[in-house]
Protein chains: 2
Amino acid sequence: MRNLLLSVIAALMFMPFAFSQNQNVPNLMPLPKSIQYQSGQLTIDSSFSTAITGHNEERLQRALARMTTTLGRQTGLTINGKSGDAANATLVIHADQASEEVQKVGEDESYDLTVTAKGANLKAANPLGILRGLQTFLQLVELTPKGYAVPAVTIKDEPRFPWRGLMIDVSRHWQPIEVIKRNLDGMEAVKLNTFHWHLSDNQGVRVESKKFPKLQEMGSDGHFFSQEEVKDVIAYGRDRGIRVIPEFDWPGHSTAFFVGHPELASGSGPYSIEREFGIFDPALDPTKESTYKFLDAFIGEMAALFPDPYFHIGGDEVNGKEWDRNPKIQEYMKAHGIKNNDELQATFTKRVQEIVAKHHKTMVGWDEILSPEIPKSIVIQSWRGPVSLAAAAKQGYKGLLSFGFYLDLFQPASFHYLNEPISGKAAELNDEEKKMILGGEACMWSELVTPDTIDSRIWPRMAAIAERLWSPQNTRDVRSMYTRMEAESMRLEWLGLKHRSYYQPALERLVESNDIAAIKTLADVVSAPQEYGREGVHVAQTGHVYRSTESYNRLVDATKPESITAVEFGFMVDDLLAKKATPAEIEKMKTMLTAWRDNDPKLQPQLQASFLLKEAVPLSQTLSATANSGLMALEYLQNGSKPAPGWASQQMAAIDAGKKAQGELLVAIAPAVQKLVKAAGAQ
Amino acid sequence: MRNLLLSVIAALMFMPFAFSQNQNVPNLMPLPKSIQYQSGQLTIDSSFSTAITGHNEERLQRALARMTTTLGRQTGLTINGKSGDAANATLVIHADQASEEVQKVGEDESYDLTVTAKGANLKAANPLGILRGLQTFLQLVELTPKGYAVPAVTIKDEPRFPWRGLMIDVSRHWQPIEVIKRNLDGMEAVKLNTFHWHLSDNQGVRVESKKFPKLQEMGSDGHFFSQEEVKDVIAYGRDRGIRVIPEFDWPGHSTAFFVGHPELASGSGPYSIEREFGIFDPALDPTKESTYKFLDAFIGEMAALFPDPYFHIGGDEVNGKEWDRNPKIQEYMKAHGIKNNDELQATFTKRVQEIVAKHHKTMVGWDEILSPEIPKSIVIQSWRGPVSLAAAAKQGYKGLLSFGFYLDLFQPASFHYLNEPISGKAAELNDEEKKMILGGEACMWSELVTPDTIDSRIWPRMAAIAERLWSPQNTRDVRSMYTRMEAESMRLEWLGLKHRSYYQPALERLVESNDIAAIKTLADVVSAPQEYGREGVHVAQTGHVYRSTESYNRLVDATKPESITAVEFGFMVDDLLAKKATPAEIEKMKTMLTAWRDNDPKLQPQLQASFLLKEAVPLSQTLSATANSGLMALEYLQNGSKPAPGWASQQMAAIDAGKKAQGELLVAIAPAVQKLVKAAGAQ
């Protein structure tokens, strides 16, 4: 396979080193294992048509219809051609045989796509590979001076990891079915294959139980998925080659279960739906047989509803305080020689694993479920990191990486992109052990998102993670990634995702005006502190934690998790300092810095008129000051002249203001401007 | 009522004369009959709550829930308050009694809204008035330096006309149910009360008939509304105080009926779904009893499906050619003393009216259904104009104005806004006769729209028409209208309408890049020729007419039907020439003209790289040249200096290029720039 990898690298050579719009970049994401360009191109026009040879099934027909619709929206073409005979079709697909009735982990997703000026052929062992290849075909369609076209190309592709997922938390902030569906559309576009549905937590049980209706009636504020909706989502996922795995988080993170069923808890109750976020005391009572009787019935009901062979039982972050406070539990532990809460949780996990297995499912859980007595069949999802994952693999446990893939932490796409599952301790594993690492899952925890903003937290960064999990390990060119991610981001728009379209109305709301030029200039180059910084600042400044009842209508909610403008500016600064900047780049930097410097006076009247924007007053001033420093530095660097002694350190200190949160936001260009100032000062 | 009207005019005095963003404008659309401001304001925050006193029904509860959701999206507030007791509620609604089971034309829609710092009270005779008043309340919510608030105010309001509608043609281009629903949401927001569903035409029969399934099976390309969907739309409309009236267009405009039922036609068939637009020969055979037997059964089925007492049978644009060619029909005419095709259509209309009446409905039709023998109970919808409408009213026929309200003709909001139903001949009617004019309907004919672009053709101009039909006749301040229409346009965004959000992706598609600054600068100031100019240019340039199978992905499709930027520029030019322009306005004009002048070199590479944009090459050049003329003229006017002889006429000729279509688009600032040049030349 080495020669195939080389051809990918050759393709990457066409890319410009700078993060910029360039027609030579193959706008594919994730990049395929092998791509060979030929001369010529296939015209795509209104006569576009498809045909099926080989194995045929309704799912494939629906996939072609869906793909044709997307092609129509992406190009604006009214496509007249129907699915017809292979001799005349623009695109012929051929699957050798049916795929598994319930999609399996590791099932063949490979495909071969050949495009010539005469037509395109997509071949795969089964419909899964066809689904993946259709997305590649859609991404290849490009606008040319003569029409839409797909370049002549031969692609051989298959995923690196068999488990490539997205978890969405629908408990902390309710997300209705349309949010789920449009995100499944996005997942299909970037070849993800696993949707992990975090259906319960302290803030809500989000699924209808017919056996225990008090769960959703009392534990969901009326926001839950009916079993019909669950089936609808599963079928929607199946059509897109996406497995759907439910998670019910036990024994902690389960307050919402106790609102309707306090008898399951270790405390005395009564319980109410949690409105804050974090780790709380309530936990299932692992010492009562009635707990396992309930779990057997509930898991049985859910195991029948969800066809996937995996079943996620959570298991994370039990603080054990309710256990400590309950004399009966303490007695039980003594009687059974259980030394501490970790051991107590291990006995619980073991019992739950037996129940899950009884219902013909394989248990998945977070790091904490790992204990000496747990069978090797389970899968560990690691939020703790590669060390934990590698240790599990060494012991013979399968694992998934989620550490480094948390989409709620305002981390840059580049960070997620370079978060390699087989790194650190895992890189030291032998080949057999490495195979135990099945892949990874991005996690969208929903503390700070609403249905209006959640897409912008998931996309487009999810596409970078999808490439990490699909493409060859050495696909690591960050600038190429940003270029292709932006192109993919535009295409995702046509699927109905709102990660771009939410932005303008959100800014308009902040100023109650369609005159958003100034607020957009600010919003484009600020972002929230990474990891849990935003929450920390919030507590420090307001004296209280975020709650699910909060209004998420501030500038920090409107801004994107990563400033792409700042990324682009940063690359240009790097080019400049490496003496590789083009005159156009330098001109652009000056224009940007000038616009930022001059923005504050234009914006201040709007900031003053809006109670929502008062907190942005110092932030806007800091942006102006930072840009001013940048402009001065740029001038010194261009003139080659030496600033006065102390100038640089003075500027550095001033710019530092933008590296501290103001209104829970940072000035995202501050680090790059400091690079400029440092370089100017060193002249 | 005169004193109430005066108070509206007093409120208008607060508005700036220029079309601009200003906090003093009451952002209401349509303007109410009477508005009196008091001091103080009602705070709107997360504790917002509602209560119902008086008549209570589920529709009112749903209306409050929907209104609260919209308030939440419009403000970003997470609203915790629930519907509760009147003593503590922010907003208390009180309807005296239930409304009619099937909404009646002329049913009371009046309401009184009183807002103080302590709370808001909304009173109405029945739930319809409450629905209207809730929209007023939502429009009153404004962003202030201290929070969201509604100003203390007393509003007494009622509509001027009882029939205020929107017609959507779903035949020429299919529009799925989500398009219909989001447009009903928009209709509710501006107090419209009638949705006219143009369900059949040459290009498709768009409703499921259980009695005649071949209609939709053979005459719709698979795009039709099931009867369940129809019921869903009717219930959706009912919830929003909107009547739903079906139209089936007979005896012309009915080719799609004949695909499955050629025996109904006057020609010999076979027939196929029409792909072009216009007037075609096929027409029902009005001489066969079997035609009326079919219509009786079909109208019976549809009359049972649609509860509204009105039933629209079309009746427009019969060219009579199939009748002329059919010997049996000619024989029949001779035998019955029918002198011409108009008389033949009249006999048909009379029979259809009897059938409609038999099924307990009142017939509505276009101008052509009016004939001496037709009973006075029918309603004439006038596409021909006020003369036709006035003549009908004089004869005792009720009428609706649609002439001047065609949204597909790229006419400015100001044109539609000033299209007064009681004008011209109608203004000469006596009071009793004037009452025969029930109101009007905007018409969205769908030749040139897709589900992606249709909202942008309807909104926000529909809001201006809604004001014409709701507000007092003397509400005619065009600048105020534009200011308020833009504010309403932003609010409509939160209902899910796509009239704004479609724009960026459409422009990105044209350049296949997120760098849309240059193409947006062009697109913002161009618009298609008015009336049928676009079609005319298309035929002249391509040699063929538009078809339903065309790709609607060009710049002319992405642009909005009216350039709001050009409107704003035009107002500033008027101010300048009236010597009323502020220095800020003059500065803004210069900035705009400079940006337009300098745009072409930036845009040309993108135009050259996109086959879709090749046609915009001369248009972009014309914009630059036009702006250059404008800048020169502005300089002459500011200096008070005299241009060289012949300068003005030379410029005028050059700018004329922008008044001729290029790529089916005009330079929308050309008329205003010519005013500048003319004034400069006259110095």
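What you see is a predicted model; the values in this text were computed from it and never measured. Chain letters run A, B, ... following the sequence lines, proteins first, then strands; residues in each count from 1.
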**Message:** Given heavy-atom pairs under 4.5 angstrom as the criterion, report whether the side chain, backbone, both or neither of A:Gln504 touches chain B.
**Reply:** side chain
**Proximal component of A:Ser548, with respect to chain B [non-hydrogen, under 4.5 Å]** = backbone
**Prompt:** For A:Leu607, is it the side chain, the backbone, both or neither that has a heavy atom under 4.5 Å from a heavy atom of chain B?
**Reply:** neither
**Prompt:** Can you find a heavy atom in the side chain of A:Glu550 that is under 4.5 Å from one in the side chain of A:His538?
**Reply:** yes
**Complete:** Given A:Gly76, A:Ser489, A:Ala506, A:Ser610, the one with more heavy-atom pairs under 4.5 angstrom with chain B than any other is A:Gly76
**Prompt:** With a 4.5 angstrom heavy-atom cut-off, which part of A:Thr549 approaches chain B: side chain, backbone, both or neither?
**Reply:** both
**Sub-4.5 Å side-chain heavy-atom contact between B:Tyr148 and B:Thr43** = no
**Message:** For B:Glu142 and B:Asn27: C-alpha separation, side-chain torsions, deciding distance, then whether side-chain hydrogen bond (donor to acceptor under 3.5 Å, both in side chains) applies.
**Reply:** CA-CA 9 Å; B:Glu142 59 188 26; B:Asn27 268 331; over 6 Å; no
**Request:** Say whether, by atom type as modelled, one donor and one acceptor occur between the side chain of B:His499 and the main chain of B:Pro460 under 3.5 angstrom.
**Result:** no
**Complete:** So, the part of B:Leu510 with a heavy atom under 4.5 Å from chain A: the answer is backbone
**Request:** Tell me, for A:Gln608 versus chain B, whether the close heavy atoms (under 4.5 Å) come from the side chain, the backbone, both or neither.
**Result:** backbone
**Request:** Select one option (side chain, backbone, both, neither) describing which atoms of A:Lys614 are under 4.5 Å from chain B's heavy atoms.
**Result:** side chain
**Message:** When you measure from the centre of the six-membered ring of B:Trp459, is the NZ or CZ of B:Arg182 closer than 6.0 Å and no more than 45° off the axis?
**Reply:** no
**Prompt:** Can you check whether A:Met29's main-chain N or O pairs, donor with acceptor, with A:Gln139's side chain at less than 3.5 Å?
**Reply:** yes
**Message:** With a 4.5 angstrom heavy-atom cut-off, is it the side chain or the backbone of A:Arg500 that approaches chain B, or both, or neither?
**Reply:** side chain
**Close side-chain approach of A:Arg484 to A:Leu28, heavy-atom, < 4.5 Å** = no
**Fill in**
Highest number of heavy-atom pairs under 4.5 Å with chain B among A:Arg491, A:Glu493, A:Gln74, A:Arg73 belongs to A:Arg73
